[in-house]
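Report on the structure given below.
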Amino acid sequence: MIKVLNVAEKPSVAKSVATILSRNQLRVRDGRSRYNKIFEFNYSINGQQCHMLVTSVTGHLMEVEFEDRFRKWHSCDPADLYTAPVRKYVPEDKLDIKRTLEEEARRCHWLVLWLDCDREGENIAFEVMEVCKGVNRNLTIRRARFSALIERDIHEAAQNLIAPNQWFSDAVDARQEIDLRIGASFTRFQTMLLRDRFVIDSAQDDRNLVLSYGPCQFPTLGFVVERYWEIQSHEPEEFWTINCTHRSDEGLASFSWMRGHLFDYTSSVILYEMCVEEPTATVTKVQQQEKLKYPPYPLSTIELEKRASRYFRMSSEQTMKVAEDLYQAGFISYPRTETDSFSSRTDLHTIVQEHQEHPVWGSYAQRLLDPGAGLWRNPSNGGHDDKAHPPIHPTKFSAGESRWSQDHHVVHFLILVSTCAWQSFFSFWSNLVIMALNEFLKFSYSHFLQRLYELVVRHFLACVSQPAVGAETVVEIDIAGERFSASGRVILAKNYLDVYRFESWGDSMIPTHVQGQQFIPATLTLDSGVTRPPPLLSEADLLSCMDKAGIGTDATMHDHIKKLLDRFYVTKDANTRFSPTNLGEALVMGYDDMGYELWKPNLRSLMEYDMKEVSVGNKSKAEVLATCLQQMKACFLDAKVNKVKLLEAMAIFFNRSDRSNGDDSSALGENVRPCGLCQEANMVLKKNRDGNFMVGCSGFPQCRNAVWLPGPVLEATITNNICNSCTPGPVYLIQFKFRQLEIPPGFNVNHLGCIGGCDETLRQLIEICGTGSRVQARGRPPTTTPSNGPPTTTPSNPQRSNSRQAPCIYCYQTGHASTDCPSRISATRHVQSHGMNQQNGESSIPCSTCGTPCVLRTANTANNRGRKFYSCSSQACNFFVWEDSLNNGSAPRSAPRQNISSSASNPSRRGGRGRGVQNAGRAGDVTFVSATGEPISGRRCFVCGDPSHFANACPSRGS
DNA sequence: GCAAGGTC
């Protein structure tokens with residue numbers, strides 16, 4: 001009889017395969033590893049009688065590592081790690097499994113590999129082959145390919161054995177080697193570069209701190225930082241919208257403007273006035289239709305993690321731990337699966353039947369099985385199948401509640417561990433306190449088990465249920481050519497929502513309307529709101545980002561998130577939302593400033609693409625390894641050359657350490673000109689701790705003379721060229737490089753500029769972009785204050801000093817609302833009282849922010865070419881106001897507006913209607929119309945306040 | 001001391 005050694009990827013699969021093939025007629029014995037049993041039985045393969053031994057590994061049997069002489073961190077230059085020899089070996093904790101395989105393989109004729117049918121599984125198959133062939137060269141080796149652990153598939157796989165796929169395995173070999181080389185080189189490089197140079201306050205002992213870099217963890221960090229910067233750089237923008245209500249016997253209907261909202265106040269007012277003048281509403285459309293809300297797809301790992309985070313605020317790591325325990329105890333199926341569709345051969349009814357007796361959802365399960373109820377529906381297909389595991393579903397009934405804490409060994413194990421730990425650390429505590437804590441732990445953990453089990457069961461029952469049905473009514477009306485709509489919904493059948501309590505679908509009544517009907521609105525208001533930034537990334541958002549970009553696998557995503565927390569790169573708040581720490585932000589900022597996208601997902605995506613090419617035979621492993629490692633080594637060497645960028649970014653957030661040898665000071669600090677204020681020292685080029693460039697007197701703090709440079713400056717280098725016109729000289733010209741995306745169209749990225757006052761380009765850029773837009777976009781107040789800080793003669797940009805508080809949208813000051821902005825009043829007042837000569841550059845109007853005289857200038861940007869504005873003559877002050885906005889009395893603006901914006905298509909403009917009620921008053925007193933259509937009181941022009949006309953006819957606006 | 005991928 002042929003002896004066949006069968007090896008599965010994990011003990012559970014070995015058990016399932018053996019049970020199915022033997023029809024449960026098998027013997028079990030121990031191997032050398034306590035987890036990996038050996039099952040024995042007889043079975044016929046293609047008519048050949050076989051004695052089957054089925055055992056398992058636990059995932060990868062081998063690891064890839066550098067040879068010993070490269071393993072110490074100081075043993076070599078990290079750049080050498082791109083070429084240092086690596087080896088694959090069986091680590092200490094897997095030697096038991098290796099010995100079992102060797103012992104059994106010696107006695108067998110065939111080796112059949114039952115590893116998971118994905119690339120990693122194929123690679124593990126080759127690891128198993130290597131070990132087995134090492135002791136028995138005559139083995140016949142075959143691969144079993146199965147798509148689910150169900151009877152038909154497993155028997156089919158056993159009768160149709162194939163050859164292992166070398167390409168699949170090669171792809172994984174390449175990935176492992178690339179991950180190791182990139183990860184180890186960058187981790188050693190940035191740890192050794194930064195750890196001793198800065199006081200990194202997040203770490204208890206920063207001498208042992210590891211600043212790891214990994215091709216998965218860094219893009220994950222990148223997602224968190226990018227969202228954080230997006231929030232920091234968000235500029236609130238005020239918008240206006242018209243709302244209207246209609247009261248009838250059946251109740252109140254609220255109509256919203258089908259334009260959404262406009263960002264232009266005057267346009268909004270004109271449209272609003274047209275509505276007020278002819279307020280009769282005509283119903284143009286009444287549409288009624290049936291709407292379905294579908295149940296979710298069957299549950300994959302990522303969906304389980306996302307939903308547990310959303311519904312229970314469990315971290316993905318917690319979820320996977322609890323799911324693993326539920327799986328080990330037999331309550332749910334294998335929890336690491338990409339599959340979100342059930343095989344047609346899965347017996348779904350039997351799973352539902354098991355739950356008929358449940359005290360809470362049992363009656364729902366009964367209704368599902370009752371053909372007369374019509375509740376059953378075959379689950380939809382989510383389109384993913386890992387060919388190894390079914391979607392996560394319940395496999396054993398539990399009534400839950402009190403039984404969890406009694407019958408689950410995990411809880412007892414945890415309690416044991418915790419008791420030992422607490423007793424050893426806090427031996428002075430009374431037993432009573434320890435018991436109380438244990439009870440709490442027992443309760444919390446059983447609570448998690450219970451909630452996750454409930455989610456898996458309810459999700460499964462929802463999947464096999466009919467969608468919820470609603471009747472939706474949409475009513476559209478027309479007022480003076482403007483269209484408004486309102487909608488209502490009545491739930492006709494809740495169906496799956498009866499069991500899936502985590503989702504809701506609200507009823508909202510709308511009174512009956514008929515086409516052609518006319519009415520006078522109960523209210524017609526012009527409301528305003530401001531755009532708001534998107535929220536910080538939640539754990540579910542982060543998982544979605546990773547999933548979409550292909551960062552990590554279903555089984556490892558939670559590990560990458562946990563790694564960021566462990567490395568102090570990010571923190572998570574009570575709402576499961578992530579913010580970068582100073583450390584995380586500084587690292588991303590450093591690489592960003594180098595111009596590398598090492599913190600973006602593209603690198604991993606490219607690697608994944610190459611792996612795919614290897615796995616289908618289009619490229620060889622050697623070819624991909626060579627090109628990828630060559631590129632990464634070049635990138636690494638470049639990063640070493642540009643390490644000053646990392647140091648500068650770190651310096652923004654952290655104090656230099658005493659251990660620092662100080663050899664990395666930036667090349668800044670050269671003289672630009674003699675200081676005209678103190679006439680003693682020189683002005684020098686500096687980059688301050690917020691990352692902004694400035695030229696300050698080296699006599700600081702005695703002399704506080706300073707010239708701030710535009711926010712978009714990326715690089716600034718002093719040249720030998722001298723300005724011909726500025727005094728006192730010599731004033732050396734500076735070669736600037738601006739960040740392309742931050743300067744308006746029409747400006748060059750490269751600019752040879754003078755800080756002496758003659759440079760129109762610099763002046764315009766400061767007026768338009770400010771001196772700290774980069775920091776507004778990414779910075780936060782530093783936690784420490786270096787002793788050699790830059791001069792601060794002038795008020796710094798208020799947004800910089802209080803970046804988390806929403807500033808006024810007109811003057812960027814905090815402490816007052818935009819509606820109460822003093823700059824709007826003072827700017828107008830100044831123009832009137834000083835009788836200004838409106839010629840370019842001639843004015844004595846004091847700036848309303850700092851008191852320095854303003855000058856009248858002409859904009860030269862694409863959007864506003866030729867438009868005039870007043871700006872403060874102090875280069876350190878950002879104040880400016882458009883001339884035309886003063887003339888017509890509307891608000892001064894700091895940036896060009898877009899007249900009409902689609903809030904749905906532009907995420908930066910998502911926003912609420914924060915101040916609708918207060919701002920209704922800005923539309924004059926005409927916020928209500930009477931039943932006869934006459935405005936109640938106080939009609940007047942919204943621009944100049946004259947009651948004799950409306951704004952669209954206001955003489956101050958001209959034609 | 002470093003990666004990411006399996007798994008108990």
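In the text below, chain A, chain B and the rest are named by the order of the sequence lines, each starting its count at 1. These values consider heavy atoms only, across backbone and side chains, with no hydrogens, waters or symmetry-generated copies.
- A:Tyr213 does not qualify as a stacking partner of the B:dA3 base, lacking a centre-to-centre distance under 5.5 Å together with planes within 30°.
- For the pair A:Lys15 NZ and B:dT7 P, the computed distance is 18 Å after rounding to whole Å.
- Between A:Ser212 and the phosphate of B:dA3, there is a side-chain N or O to OP1/OP2 separation shorter than 4.0 Å.
- Between the CE atom of A:Met557 and the C1' atom of B:dG5 there is a distance of 13 Å, given to the nearest Å.
- Among residues at least two apart or in separate chains, ring pair (Phe, Tyr, Trp, His ring centres under 6.0 Å) pairs with a member in residues 113-135 of chain A are A:Trp114-A:Phe146.
- Base engagement by A:Leu180 is indicated by at least one non-hydrogen atom pair under 4.0 Å involving a base atom.
- Residue A:Arg336 places none of its side-chain N or O atoms closer than 4.0 Å to OP1 or OP2 of B:dG5.
- In this structure, A:Val172 reaches neither bases nor backbone, as no heavy-atom distance under 4.0 Å exists between it and the strands shown.
- The side chain of A:Arg175 sits closest to B:dA4 out of B:dA4, B:dC2, B:dT7.
- Of the listed nucleotides (B:dC2, B:dG5, B:dC8), B:dC2 has the atom at the smallest distance from the side chain of A:Glu65.
- For A:Asn36 and A:Thr55, the side-chain atoms include no donor-acceptor pair closer than 3.5 Å.
- Positionally, the nearest nucleotide of DNA chain B for A:His74 lies more toward the 5' end than for the other of A:Tyr327 and A:His74.
- Atom CZ in A:Arg195 sits about 12 Å away from atom P in B:dG1, given to the nearest Å.
- The backbone N or O of A:Ser300 sits nowhere less than 3.5 Å from a side-chain atom of A:Glu303 that would complete a donor-acceptor pair.
- Following rounding to the nearest Å, A:Met607 (CE) and B:dG5 (P) show an atom-to-atom distance of 9 Å.
- Considering only the side chain of A:Val210, B:dG1 comes nearest among B:dG1, B:dC8, B:dA4.
- The phosphate of B:dG1 has neither OP1 nor OP2 within less than 4.0 Å of any side-chain N or O from A:Arg567.
- Between A:Phe578 and the choices A:Thr571, A:Leu564, A:Leu221, A:Leu565, the side-chain contact (heavy atoms from CB on, under 4.5 Å) rule is met once, by A:Leu565.
- Checked against B:dT7, B:dC2, B:dA4, the side chain of A:Thr187 finds its nearest nucleotide in B:dC2.
- Closest contact between the side chain of A:His560 and the listed nucleotides B:dT7, B:dG5, B:dC2 involves B:dG5.
- Taking only side-chain nitrogens and oxygens, A:Gln176 never comes nearer than 4.0 Å to OP1 or OP2 of B:dA3.
- Side-chain atoms of A:Ala555 lie closest to B:dT7 of the nucleotides B:dT7, B:dG5, B:dA3.
- Listed candidates were B:dA3, B:dC8, B:dG1. Nearest to the side chain of A:Trp73 is B:dG1.
- For A:Tyr591 and A:Tyr596, the ring centers are positioned 6.0 Å apart or more.
- Using a 4.0 Å heavy-atom cutoff across all strands shown, A:Tyr334 reaches sugar-phosphate atoms only and no base atom.
- When heavy atoms are screened at a 4.0 angstrom cut-off, A:Gly121 is found touching no nucleic acid atom at all.
- Listed nucleotides: B:dC2, B:dT7, B:dA4. Nearest to the side chain of A:Arg188: B:dC2.
- Atom P of nucleotide B:dT7 and atom NZ of A:Lys321 are separated by 15 Å, given to the nearest angstrom.
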Quick one: the dot-bracket string of DNA chain B, using Watson-Crick and G-U wobble pairs with both distances under 3.5 Å, [ ] for crossing pairs and | for bases paired to another strand.
........
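- In this structure, A:Asp116 reaches the sugar-phosphate backbone alone: every heavy-atom distance under 4.0 Å involves primed, P, OP1 or OP2 atoms, never a base.
- Salt bridge status for A:Arg336 with A:Asp116: absent, with no side-chain N to carboxylate O gap under 4.0 Å.
- Within the cation-pi definition used here (under 6.0 Å to the ring centroid, within 45° of the axis), A:Lys10 qualifies as a partner of A:Tyr334.
- Under the rule for a salt bridge (Lys or Arg N to Asp or Glu O under 4.0 Å), A:Glu305 has no partner lying at least two apart in sequence or in another chain.
- The backbone N or O of A:Asp559 lies less than 3.5 Å from no partner atom in the side chain of A:Thr556, so there is not a single donor-acceptor pair.
- The side chain of A:Lys72 contributes no N or O atom lying less than 4.0 Å from OP1 or OP2 of B:dC2.
- Comparing B:dA3, B:dG1, B:dT7 by their closest approach to the side chain of A:Glu9 singles out B:dT7.
- Taking atom CD1 on A:Ile124 and atom P on B:dC8, their separation rounds to 11 Å, with Å as the unit.
- Within the nucleic acid shown, A:Pro78 has no heavy atom closer than 4.0 Å to any nucleic acid atom.
- Of the side-chain N and O atoms in A:Arg604, none sit less than 4.0 angstrom from OP1 or OP2 of B:dA3.
- Which of B:dC8, B:dG5, B:dC2 sits closest to the side chain of A:Glu324 comes down to B:dC8.
- Remark: A:Arg567 is not positioned above the aromatic ring of A:Tyr569, lacking an NZ or CZ atom under 6.0 angstrom from the ring centre and at most 45 degrees off the axis.
- Atom-to-atom, NZ of A:Lys562 to P of B:dA4 comes out at 14 Å; the value is rounded to the nearest Å.
- Nearer to the 5' terminus of DNA chain B, by closest-nucleotide assignment, is the contact made by A:Arg181 (compared with the other of A:Tyr35 and A:Arg181).
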